[in-house]
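Notes follow once the structure below has been shown.
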Amino acid sequence: MRIAVPAEVKNHEYRVAITPVGVAELVGHGHEVFIQAGAGIGSSISDAEYIAQGATILPTAAETWAIGEMVLKVKEPIESEYGYLREDLLLFTYLHLAADKELTDALLASGTTAIAYETVQLPNGLLPLLYPMSEVAGCLAPQVGAHSMMKAQGGRGVLMGCVGGVANAKVVILGGGTAGQNAANVALGMGADVTILDTDLDKLRNTFWRYENRVHGIVSSKLSVREQVLAADMVIGTVLIPGAKAPKLVTNEMVAAMKPGSVLVDVAIDQGGCFEDSKPTTHDDPTFQVHNSIFYCVANMPGAVPNTSTWALTNATLAYALQLAGKGWKRACKENHALALGLNTHAGQVTYPGVADAFGLDCVRVSDLLD
Ligand SMILES: NC(=O)C1=CN([C@@H]2O[C@H](COP(=O)(O)OP(=O)(O)OC[C@H]3O[C@@H](n4cnc5c(N)ncnc54)[C@H](O)[C@@H]3O)[C@@H](O)[C@H]2O)C=CC1
Ligand SMILES: CC(=O)C(=O)O
Ligand SMILES: [Mg+2]
């Protein structure tokens with residue numbers, strides 16, 4: 001198969017969808033790999049390193065997209081890329097369609113077969129291709145939140161912790177999954193007083209044992225969220241219902257009653273965000289004010305640390321890319337149900353229920369397409 005990797009174009013997005021290791025593996029399995037010139041530079045990978053493993057470098061995005069039977073990307077296509085979508089294209093990347101009507105329409109209109117990293121799901125519920133970037137974003141959340149909490153940034157002027165005789169910052173994390181656990185780990189290391197809220201009791205039990213009771217675990221409900229949010233210096237939102245629009249747990253009214261200078265980091269923004277007032281921001285201009293609080297809503301947080309993120313992401317995606325390249329999407333999805341759950345659109349139809357529900361569209365069952 002011809003596999004193509006364009007350069008990422010989103011604001012301050014320095015990741016790339018393949019490393020020289022991936023090129024070597026795909027070429028070793030008899031595939032051809034085409035990479036847009038300079039695509040790896042942000043992750044410290046030169047064109048020469050790709051060429052050394054057998055890749056062909058193409059000068060433009062248009063040529064790269066056009067040659068690929070399968071295009072591997074990191075972020076969802078943005079408007080300037082919609083023109084590259086086409087019926088005989090297999091697109092394998094993050095999509096987050098339930099929060100993006102325009103992209104859903106573009107994929108459907110073009111007939112593209114699109115497999116979303118974030119809805120590939122193992123039988124035990126784990127999301128193996130979201131996991132590494134949720135680790136990264138979870139670790140980054142207390143770091144960016146702590147920066148915003150400084151007085152000069154408009155925050156309360158509170159240190160996370162570690163100063164004797166003074167109360168630590170109170171960090172409240174909504175969602176105790178991958179991003180939430182990683183956020184707790186870093187916030188705890190910075191000295192904060194950390195509370196996780198989740199609807200899943202097992203997540204709370206695991207939190208108890210993992211942190212030896214140093215992180216508070218509370219069942220998430222309307223009342224408990226309100227009580228915790230009002231007492232917080234920092235709220236980190238990481239709730240997810242796979243493939244669906246995020247539930248809005250923090251209302252505008254709650255924010256109005258929060259401490260002045262408190263900070264809200266909405267990691268779940270790529271699925272639409274879990275705070276009522278969230279709207280996607282960029283690394284160029286990451287924060288905005290709501291009442292007297294600061295919101296941080298960057299939808300590609302891991303793009304800020306590409307020399308970590310590119311490797312973490314491609315370590316996870318490569319095995320799936322090899323299956324898609326070697327078998328074609330139909331056989332690969334037939335033989336690997338986790339991958340079949342990644343299919344979001346095909347031939348002008350939505351194939352993922354959470355996306356169909358978000359826009360009131362019909363949903364075709366993937367199993368019907370694979371017969
Ligand atoms: N902004 C960014 O750059 C990035 C954003 N993300 C996003 O972060 C979000 C979280 O991802 P993961 O941690 O991998 O998901 P996960 O599935 O591991 O964890 C989500 C947790 O939310 C919990 N949850 C669901 N409804 C809840 C409620 N009402 N109250 C409290 N908890 C609730 C679930 O039980 C689960 O434990 C996703 O939307 C993901 O796309 C991930 C990476 C980068
Ligand atoms: C998961 C995601 O959207 C990201 O890594 O940017
Ligand atoms: Mg988007």
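Order of listing sets the numbers, starting from 1, for every ligand and every atom in it.
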Check against side-chain contact (heavy atoms from CB on, under 4.5 Å), Val33 and Tyr50: CA-CA 9 Å; Val33 180; Tyr50 286 130; over 6 Å; no
Residue, atom name and distance, where the atom is the protein heavy atom closest to atom 3 (O) of ligand 1: Met301 N, 2.7 Å
Any N/O pair Ile269/ligand 1 closer than 3.5 Å: no
N/O separation below 3.5 Å, Ala137 to ligand 1: no
Val144 versus Met301, closest heavy-atom pair with distance: CG2-CE, 4.2 Å
Atom 13 (O) of ligand 1 [closest protein heavy-atom partner, distance rounded to 0.1 Å]: Ala179 N, 2.8 Å
Ring geometry between Tyr84 and Trp65 (parallel below 30°, tilted from 30 to 60°, perpendicular above 60°): parallel
Taking atom 26 (N) of ligand 1 as the reference point, the nearest protein heavy atom with its distance: Thr199 OG1, 3.8 Å
Enumerated ligand 1 atoms positioned under 4.0 Å from heavy atoms of Asn300: 3 (O)
Leu95 CG to Glu118 CD distance, which is reported to the nearest 0.5 Å: 5.5 Å
Contact summary for Thr351 and Leu369, nearest pair of heavy atoms: CG2-CD1, 3.6 Å
Any donor-acceptor N or O pair under 3.5 Å, side chains Ser46, Glu49: yes
Ser220 N/O under 3.5 Å from ligand 1 N/O: yes
Value rounded to 0.5 Å, distance of CH2 in Trp329 from CE in Met70: 13.5 Å
Distance-only donor-acceptor check, side chains His291 and Asn252, under 3.5 Å: yes
Atom indices of ligand 1, in the order listed, that fall short of 4.0 Å to a heavy atom of His96: 41 (O)
Member of Thr195, Thr207, Asp193 meeting the side-chain hydrogen bond (donor to acceptor under 3.5 Å, both in side chains) criterion with His216: Asp193
Nearest non-hydrogen protein atom, atom 9 (C) of ligand 1: Thr238 O, 4.0 Å
Criterion side-chain contact (heavy atoms from CB on, under 4.5 Å) on Leu140 and Tyr296, from CA distance to verdict: CA-CA 12 Å; Leu140 278 172; Tyr296 176 101; over 6 Å; no
Sub-4.0 Å atoms of ligand 1 with respect to non-hydrogen atoms of Asp200: 35 (O)
Close N or O approach (Ser134, ligand 1; < 3.5 Å): yes
N or O contact, Thr178 vs ligand 1, cut-off under 3.5 Å: yes
Distance filter under 4.0 Å to Leu249 heavy atoms, resulting ligand 1 atoms: 28 (C), 29 (N), 30 (N)
Contact (N/O only, under 3.5 Å) between Ala268 and ligand 1: no
Other residues, nucleotides, ligands: >12 heavy atoms within 6.0 Å of Leu223 CG: no
Shortest non-hydrogen separation from Cys363 to Pro353 and the atoms involved: SG-N, 3.6 Å
Under 3.5 Å: N/O of Leu127 near N/O of ligand 1: no
Test item: side-chain donor near acceptor, Ser293 and Ser262, under 3.5 Å: yes
Residue His147 excluded, over 12 heavy atoms near NE2 under 6.0 Å: no
CA sep, side-chain torsions, deciding dist, call: Arg226, Glu253, salt bridge (Lys or Arg N to Asp or Glu O under 4.0 Å): CA-CA 10 Å; Arg226 186 167 205 286; Glu253 175 274 325; 2.4 Å; yes
Which residue and heavy atom of the protein sit nearest atom 8 (O) of ligand 1, plus the separation: Val267 CG1, 3.5 Å
Within the protein, residues bringing a heavy atom under 4.0 Å of ligand 2, chain by chain: Arg15, Lys75, Tyr94, His96, Leu130, Met133, Asp270, Ala299, Asn300, Pro302
Proximal atoms of ligand 1 relative to Val298 (non-hydrogen, under 4.0 Å): 1 (N), 2 (C), 3 (O)
Derivation and outcome, salt bridge (Lys or Arg N to Asp or Glu O under 4.0 Å), residues Glu69 and Arg2: CA-CA 5 Å; Glu69 292 168 89; Arg2 289 190 308 277; 3.8 Å; yes
For atom 35 (O) of ligand 1, the protein heavy atom that lies nearest, with its residue and separation: Asp198 OD1, 2.7 Å
Distance filter under 4.0 Å to Ala299 heavy atoms, resulting ligand 1 atoms: 1 (N), 2 (C), 3 (O)
Top protein contact for atom 7 (C) of ligand 1, by heavy-atom distance: Asp270 OD1, 3.4 Å
Nearest-neighbour protein heavy atom for atom 43 (C) of ligand 1, which is reported as residue plus atom name and distance: Met133 O, 3.3 Å
Atoms in ligand 1 with a heavy atom of Lys203 nearer than 4.0 Å: 36 (C), 37 (O)
Contact atoms of ligand 1, heavy-atom distance to Gly175 under 4.0 Å: 22 (O), 32 (N)
Pair Leu130-Thr178, side-chain contact (heavy atoms from CB on, under 4.5 Å): steps then yes or no: CA-CA 9 Å; Leu130 184 60; Thr178 310; over 6 Å; no
Lys203 and Gln181: side chain donor to acceptor below 3.5 Å: no
Any N or O of Leu240 closer than 3.5 Å to N or O of ligand 1: yes
